[in-house]
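Structure record follows, encoded as structure tokens.
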Amino acid sequence: MRYKDYYKVMGVARDASQEDIKRAYRKLARKFHPDVSKEKDAEEKFKELQEANEVLKDPEKRAAYDQLGADWRPGQDFRPPPDWGKGFEFSAGRGGAAGAGGPEGFGGFSDFFSELFGERSPFGGARPQGGPGMGAGRGGRGGFSAAGQDHVARVEIDLEDAYRGSSRNIELRSPEMTTEGRVVVKPRTLKVTIPAGVTEGQQIRLAGQGSPGIGGGPAGDLFLEVTLRPHPHFKVDGRDITLTLPVAPWEAALGESVSVPTLGGSVDMKLPVGARAGQKLRLRGRGLPGATPGDQYVVLEIVLPPDSPQSREFFEKMKRELPFDPRAELAR
């Protein structure tokens, strides 16, 4: 994937005002519109212009794009940063042109756009779970009023916090437009109660933390979309978790009891006699809590002891005394 310099496409400086961007777009749209332009590659240039304008005309997308920094060169190999979009606050239910053509319908936008602002990105038209992004207006003696716009932000939490629940300070970045028509990003910190059993993709609602209401209407809400930070030992699937557990050959062969780490503390688990590498065992109800708690799955990994004269002597004795051919089935 190649980096795209949207400011260069539109011929404006990085500190251009929103009005500057609007004027530049109108000028270039007249120049490259395929219906009237005689420029070479007009359709391709018009499509690039549409894509650049889709980002730079939107203060939220533009502020996020600016976070990539100014050191990238057009056409340079690019991959989004691992933390792309995390902690970035944006308006809910905005939709967008991710993966689709621009207003004039001249084909899809680039992979670069889709990776940063597509449907699977933090900016891909996210909506609060269970409702629209803005309250309805109403008339009356006091005039029109409406609830403020809801906001959405993606936040990353530890698996242990999802299991136990906790109270955390969350740092968010919120784009705002100055009176000069320029976009700035302002940080804000919120204290958030994380409920026990929250899962990947679930939203935590903070009432009144969205945009202010109009005409005395209530403020919108802020919805924090949860992502779980990768854990060094556990993998998560919904409410279920999986752990790869190293065991000694004799523990597997004899079906011994072993200590297994879980999110709620270590528990003893009896292995079946002759347990196999890769065998999956279940600890019921040891996953993330909920109305129906998840389970913990334990995948066995048989680990040999460190090489030593003693271990070699032991295995040589097994070789001599045990009539065992692990590949016997292959010879049939």
Look at the side-chain heavy atoms of Ile, Leu, Val, Met, Phe, Trp and Tyr, link any pair under 4.5 Å apart, and say whether V267 and L263 land in one connected group.
yes
How are the rings of W72 and F78 set to each other: parallel, tilted or perpendicular (split at 30° and 60°)?
perpendicular
Among H151, E89, R188, exactly one meets side chain to side chain donor-acceptor pair (under 3.5 Å) together with Q209. Which residue is that?
R188
How long is the span from the CD atom in E48 to the NZ atom in K8, to the nearest 0.5 Å?
11.0 Å
Ignoring hydrogens and angles, tell me if any N or O in the side chain of Q76 forms a donor-acceptor pair with the backbone of R73 under 3.5 Å.
yes
Quick check: are there more than 12 heavy atoms from other residues, nucleotides or ligands sitting under 6.0 Å from CD of E313?
no
Rounding to 0.5 Å, atoms CD (E43) and CG (D35) come to a distance of 9.5 Å
Within a strict 4.5 Å, meaning less than it, do heavy atoms of the M269 and L283 side chains meet?
yes
Determine, using the 4.5 Å side-chain heavy-atom cutoff (strictly less than), whether V247 and L304 are members of one ILVMFWY cluster.
no
Crowded around K22 NZ? As in, over 12 foreign heavy atoms under 6.0 Å?
no
Evaluate the criterion side chain to side chain contact (heavy atoms under 4.5 Å, CB included) for residue pair L271 and L254; output intermediate values, then yes/no.
CA-CA 8 Å; L271 300 181; L254 301 176; over 6 Å; no
Under the 3.5 angstrom rule, does the side chain of E115 hit a backbone N or O of P80 as a donor-acceptor pair?
no
Closest non-hydrogen atom pair between E225 and G201, with its separation
CG-O, 3.9 Å
Compute the centroid of each ring, for Y6 and then for F113, and state whether the two points are separated by less than 6.0 Å.
no
Passes side chain to side chain donor-acceptor pair (under 3.5 Å), E200 versus T227? Steps please.
CA-CA 5 Å; E200 180 86 18; T227 63; 4.9 Å; no
Closest approach of A153 to L222 (non-hydrogen atoms, all atoms of both residues)
N-CD1, 4.3 Å
Can you name the residues that form a salt bridge (charged side-chain N to carboxylate O under 4.0 Å, His left out) with D307, not counting sequence neighbours?
R312
R173 vs K186, side chain to side chain contact (heavy atoms under 4.5 Å, CB included): CA-CA, chis, key distance, verdict:
CA-CA 6 Å; R173 295 169 291 166; K186 292 188 176 180; over 6 Å; no
Any ion pair linking D58 and K61 (charged N to carboxylate O, less than 4.0 Å)?
yes
Assess K4 against F112: is NZ or CZ under 6.0 Å from the centre of the six-membered ring, and within 45 degrees of the ring's axis?
no
So L288 and T199, do their side chains get closer than 4.5 Å, heavy atoms only?
yes
Evaluate whether atom NZ of K270 has more than 12 neighbouring non-hydrogen atoms of other residues, nucleotides or ligands under 6.0 angstrom away.
yes
Under the 3.5 angstrom rule, does the side chain of D158 hit a backbone N or O of E160 as a donor-acceptor pair?
no
Ignoring hydrogens and angles, tell me if any N or O in the side chain of D221 forms a donor-acceptor pair with the backbone of G208 under 3.5 Å.
yes
Are T244 and E301 close enough, and set up right, to give a side chain to side chain donor-acceptor pair (under 3.5 Å), and what steps lead you there?
CA-CA 7 Å; T244 298; E301 178 186 27; over 6 Å; no
Could you state the interatomic distance from CG (L281) to CD (Q279), rounded to the nearest 0.5 Å?
5.0 Å
Q296 side chain to P261 backbone, donor-acceptor under 3.5 Å
yes
Using every non-hydrogen atom in the two residues, find where M10 and A52 come nearest and quote the distance to one decimal.
CG-CB, 3.7 Å
Has the side chain of S311 got a donor or acceptor atom that lies under 3.5 Å from a matching backbone atom of S308?
yes
Close side-chain approach of Y297 and L243, heavy atoms under 4.5 Å:
no
For a quick test of reading the model, state the closest non-hydrogen atom pair linking A275 to L300 and the distance between them.
CB-CD1, 3.5 Å
Short side-chain donor-acceptor distance under 3.5 Å, E171 and T189:
yes
Would Q18 and R23 count as having a side-chain donor-acceptor pair, cut-off 3.5 Å?
no
Using atom types as modelled and distance alone, determine if a side-chain donor or acceptor of R239 lies under 3.5 Å from a backbone N or O of P289.
yes
Examine the side chains of Y7 and R62 and answer whether a donor and an acceptor come within less than 3.5 Å of each other.
yes
Would a 4.5 Å heavy-atom cut-off, applied to side chains only, mark F88 and S174 as touching?
no
Is it true that V9 and F117 fall in one hydrophobic cluster, defined by side-chain heavy atoms closer than 4.5 Å?
no
Between NZ on residue K191 and CG on residue N169, distance to nearest 0.5 Å:
6.5 Å
Show the numbers, then the answer: is there a side chain to side chain contact (heavy atoms under 4.5 Å, CB included) between L224 and I194?
CA-CA 10 Å; L224 300 179; I194 300 168; over 6 Å; no
Flag yes if more than 12 heavy atoms outside D15 fall under 6.0 Å of its CG atom; otherwise flag no.
yes
Indicate yes or no: at least one non-hydrogen side-chain atom of P249 is less than 4.5 angstrom from one of M318.
no
L56 side, atom CG; D20 side, atom CG - distance, nearest 0.5 Å:
11.5 Å
I302 and A277: which non-hydrogen atoms are nearest, and at how many Å?
CD1-N, 3.6 Å
Between I241 and K235, does the side chain to side chain contact (heavy atoms under 4.5 Å, CB included) criterion hold? Intermediate values first, please.
CA-CA 5 Å; I241 63 173; K235 293 183 179 179; over 6 Å; no
Say you draw a straight line from CZ of R168 to OG1 of T193; how long is it, rounded to the nearest 0.5 Å?
11.0 Å
Could you walk me through whether Y3 and R79 pass side chain to side chain donor-acceptor pair (under 3.5 Å), step by step?
CA-CA 8 Å; Y3 176 81; R79 286 290 178 272; over 6 Å; no
Under a 4.5 Å side-chain heavy-atom rule over Ile, Leu, Val, Met, Phe, Trp and Tyr, are L190 and F90 clustered together?
no
Shortest non-hydrogen contact from D268 toward S259:
OD1-CA, 3.9 Å
Would a 4.5 Å heavy-atom cut-off, applied to side chains only, mark Y25 and Q50 as touching?
yes
Side-chain donor or acceptor of D240 paired with backbone N/O of D295 under 3.5 Å
yes
Applying a strict under-4.5 Å side-chain criterion to I, L, V, M, F, W and Y, I'd like to know whether I204 and F223 cluster together.
no
Side chains of V198 and D161: does their closest heavy-atom pair fall under 4.5 Å?
no
R14, CZ: over 12 other non-hydrogen atoms inside 6.0 angstrom
yes
